[in-house]
Peer 1: 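Sharing a structure here in structure tokens format.
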Amino acid sequence: MVSRVIPVETFDLVIFGGTGDLARRKILPGLFRRFLSGQMPPEARIIGAARSELDTAGYREMIAEAVAEFGGAETNNTKGLQAFLERLDYVAIDARGEGGWAALAELVRSDVVQAYYFSVAPALFGDLAERLHKHGIASAQSRIVVEKPFGRDLESARDLNRTLAAHFDESQIYRIDHYLGKETVQNLMAVRFGNVLFEPLWNNHYVDHIQITVAETVGVGGRGAYYDKSGAMRDMVQNHLMQLLCLIAMEPPGQFEADAVRDEKLKVIRALQPVENHHIVRGQYDAGKDGPSYRDDVENARSFTESFIAMRVHINNWRWAGVPFYLRTGKRMKARSSEIAVVFKDLGHTIFEGDEARHRNILSIRLQPNEGMDLQVTIKEPGPGGMRLIDVPLDMTFADALGAEAEDVTDAYERLIMDVIRGNQTLFMRGDEVEAAWRWTDPLIDGWEARNDVPKLYDAGSAGPEDALMLMHRDGRKWREIKG
Ligand SMILES: NC(=O)c1ccc[n+]([C@@H]2O[C@H](COP(=O)([O-])OP(=O)(O)OC[C@H]3O[C@@H](n4cnc5c(N)ncnc54)[C@H](OP(=O)(O)O)[C@@H]3O)[C@@H](O)[C@H]2O)c1
């Protein structure tokens, strides 16, 4: 199998926050890999912009170090790195000041694709959008990329949408959710809509329930102050888990095109039932051998913020009536693992006498680690001794199926940035989607805040609080094991 790299058009990409953690850890190492692959054309340029008083040489040095640290296997390519660094420029700009904008206007070319990545705090989005126009830099063709968090509730998300809409059309705005850039997430759509096998079964006649787990082993780290005001619901469920849920549950779009896909996702969010209180379990990690408790991490001894949440969700439509979707995400869990599992119903009748075990088909879609899918099927245990049945996975781990090519699976950020340059918004969230997600999330958060609900403690390195296990057990089901 030979993979094809189709170069994108020549571009100027300005990264506001070009000296920040995200730019150094993800955006620039990702662009370096796209440069080496030939997808980023040699004439394209990247312009870092931030307040730090650096010159272009200093910025190139900073990015060389970042690529060495975060660039992966490609970092040994010194010739390639040199050529990449030559594509970098830097302008010192304060989003709230007036200095530097004229220099930026001089640098950005009007005859290539222009993209502006707002890799800064959302409070600066309005300042950047306004100044890009005031200084005549952005045009009706320019694209802007904005990062999460997109608001902390419906009202703030609406404000952000209004702020951006004052200067840019929706077709110019790319709201990043990097989960949507993952290879497996796109493969999920290929599996659903590119095969005849699954779609006929993808409904409440055949699916018993669906589980979505995003488990992290890390704690809140250095993000304590931000995280404590956010929690797992705002930080993970409202965006990443919601997007995964949409892709699993949506109706087939008429075509694989940005608005057709996003219209279908929006319908899923709008069809979500309010979640009953007893179908939500919030948790907070306790101190363990390997680290302090959540409250110590965030330096707030009275924090009621959740670092874990599990919930049972229902979608009010014809396809999914009666099918529970169980979502869970947490920090300091036993393994780093993200998985969607579609658990099909039991057979109505078995013809195999003496086989008491429960056999189920399960389609498991792994986002990390080892991106891939497997389908659990029931077969006869090999050998003599009658018809004993066992469940085995039909494994579609990309690394096995695609060999060396799988190692080259593009990181989510790289893919998404290339989509921005191509002008393809399919894998980006539309403003109304984000607002609809907050409209569903807000009353749940308001509910536990008004009640002063205290999250349940769970051991670091576990699968979350006991109550989360009970959420499934009460329904006669159980969570899939969290495996790294
Ligand atoms: N890091 C991640 O993994 C991650 C993941 C998802 C989303 N995000 C989001 O991405 C954005 C950036 O995150 P980050 O982790 O890179 O933050 P960061 O490390 O704090 O970097 C912030 C960047 O913004 C620049 N900056 C701050 N104030 C500025 C101003 N007034 N004018 C111009 N530039 C200014 C900073 O440079 P100077 O100090 O030199 O100005 C720096 O380059 C945030 O919205 C964050 O929520 C980050």
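Both backbone and side-chain heavy atoms feed into the values below; hydrogens, waters and symmetry mates do not. This one's a predicted model, so the numbers in the text were calculated from it and none came from an experiment. All ligand and atom numbering here is 1-based and tracks the order in the structure.
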Peer 1: What protein heavy atom sits nearest atom 40 (O) of ligand 1, and how far away is it?
Peer 2: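 Scanning the protein heavy atoms, the shortest distance from atom 40 (O) of ligand 1 goes to Ser52 OG, 2.5 Å.
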Peer 1: Is the ring centre of His279 less than 6.0 Å from the ring centre of His314?
Peer 2: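 That pair fails the under 6.0 Å test.
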Peer 1: Among Leu22, Leu54, Thr19, whose heavy atom sits nearest atom 16 (O) of ligand 1?
Peer 2: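 Comparing heavy atoms across Leu22, Leu54, Thr19, the nearest one to atom 16 (O) of ligand 1 lies in Leu22.
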Peer 1: My understanding is that only one of Leu416, Leu22, Ile46 makes a side chain to side chain contact (heavy atoms under 4.5 Å, CB included) with Ile27; could you say which?
Peer 2: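 Exactly one option meets the side chain to side chain contact (heavy atoms under 4.5 Å, CB included) with Ile27, and it is Leu22.
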Peer 1: Give the numbers and elements of all ligand 1 atoms closer than 4.0 Å to a heavy atom of Ala50.
Peer 2: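 Result: 34 (N), 37 (O), 38 (P), 40 (O), 41 (O), 43 (O).
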Peer 1: With side chain to side chain donor-acceptor pair (under 3.5 Å) as the test, pick out the partner of Lys148 among His240, Gln238, His178.
Peer 2: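 Result for side chain to side chain donor-acceptor pair (under 3.5 Å) with Lys148: His240.
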Peer 1: Verify the ring-centre separation between Phe308 and Tyr285: is it less than 6.0 angstrom?
Peer 2: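 Here the rings of Phe308 and Tyr285 have centres that are no less than 6.0 Å from each other.
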Peer 1: By the side chain to side chain donor-acceptor pair (under 3.5 Å) test, which pairs, at least two apart or in different chains, include something from residues 82-95?
Peer 2: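 The answer is none; no pair qualifies.
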Peer 1: Heavy atom to atom 33 (C) of ligand 1, shortest distance: which of Leu128, Asp235, Val120, Ile93 holds it?
Peer 2: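 The residue whose heavy atom sits nearest atom 33 (C) of ligand 1 is Ile93.
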Peer 1: Provide the number and element of each atom of ligand 1 under 4.0 Å from a heavy atom of Ala95.
Peer 2: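 Here the atoms of ligand 1 in question are 30 (C), 31 (N), 32 (N), 33 (C).
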Peer 1: To check your reading of the model: name the closest protein heavy atom to atom 31 (N) of ligand 1, its residue, and the distance in Å.
Peer 2: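 Atom 31 (N) of ligand 1 sits closest to the protein heavy atom Asp94 OD1, 2.9 Å.
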Peer 1: Looking at atom 19 (O) of ligand 1, what's its closest protein heavy atom, distance included?
Peer 2: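 Of the protein heavy atoms, Asp21 N, 2.9 Å lies nearest.
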Peer 1: For atom 12 (C) of ligand 1, what's the nearest protein heavy-atom neighbour? Residue, atom name and distance, please.
Peer 2: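 Protein heavy atom with the smallest distance to atom 12 (C) of ligand 1: Ser119 O, 3.2 Å.
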Peer 1: Could you tell me the separation between the OH atom of Tyr413 and the OG atom of Ser119, rounded to the nearest 0.5 Å?
Peer 2: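 OG of Ser119 is found 8.0 Å from OH of Tyr413.
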Peer 1: Taking the basic N atoms (NZ, or NE/NH1/NH2) and the acidic carboxylate oxygens, is any pair closer than 4.0 Å for Glu69 and Arg24?
Peer 2: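 So Glu69 does not pair with Arg24 through a salt bridge.
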Peer 1: Is it true that Arg366 and Asp374 have a side-chain N and a carboxylate O under 4.0 angstrom from each other?
Peer 2: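 Looking at Arg366 and Asp374, the cut-off is met.
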Peer 1: Counting from 1, what ligand 1 atoms have a heavy atom of Pro149 closer than 4.0 Å?
Peer 2: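 Matching atoms, with element in brackets: 47 (O).
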Peer 1: Does anything in residues 212-228 form a side chain to side chain donor-acceptor pair (under 3.5 Å)? List the pairs, not counting sequence neighbours.
Peer 2: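 For residues 212-228: Thr213-Arg328, Glu216-Lys331, Arg223-Asp235, Tyr226-Asp235, Asp228-Tyr294, Asp228-Asn300, Asp228-Ser303, Asp228-Thr305.
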Peer 1: Identify the closest protein heavy atom to atom 21 (O) of ligand 1: which residue and atom is it, and at what distance?
Peer 2: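 Here the nearest protein heavy atom works out to Gly20 CA, 3.3 Å.
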Peer 1: Rounded to the nearest 0.5 Å, what's the gap from CD1 on Ile137 to CG on Asp12? Could you check?
Peer 2: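 Here the rounded value is 11.5 Å.
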Peer 1: Who gets closest to atom 10 (O) of ligand 1 by heavy atom: His178, Arg51, Glu147?
Peer 2: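 Looking at heavy atoms only, Glu147 sits closest to atom 10 (O) of ligand 1.
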Peer 1: For ligand 1, which atoms have a heavy atom of Leu124 less than 4.0 angstrom away?
Peer 2: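 Every atom of ligand 1 under 4.0 Å from some heavy atom of Leu124: 28 (N), 29 (C), 30 (C), 31 (N).
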Peer 1: Could you tell me which atoms of ligand 1, counted from 1 in the order shown, lie closer than 4.0 angstrom to a heavy atom of Pro122?
Peer 2: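 Under 4.0 Å from Pro122, ligand 1 has these atoms: 45 (O).
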Peer 1: At less than 4.0 angstrom from any non-hydrogen atom of Lys148, what atoms of ligand 1 do you find?
Peer 2: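 Selected atoms, number and element: 7 (C), 8 (N), 9 (C), 45 (O), 46 (C), 47 (O).
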Peer 1: When you measure from atom 23 (C) of ligand 1 to every protein heavy atom, which one gives the shortest distance, and what is it?
Peer 2: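 Ranked first by proximity to atom 23 (C) of ligand 1 is Gly17 CA, 3.6 Å.
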Peer 1: May I ask whether Arg25 has any heavy atom positioned less than 4.0 angstrom from an atom of ligand 1?
Peer 2: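 Heavy atoms of Arg25 do come under 4.0 Å of ligand 1.
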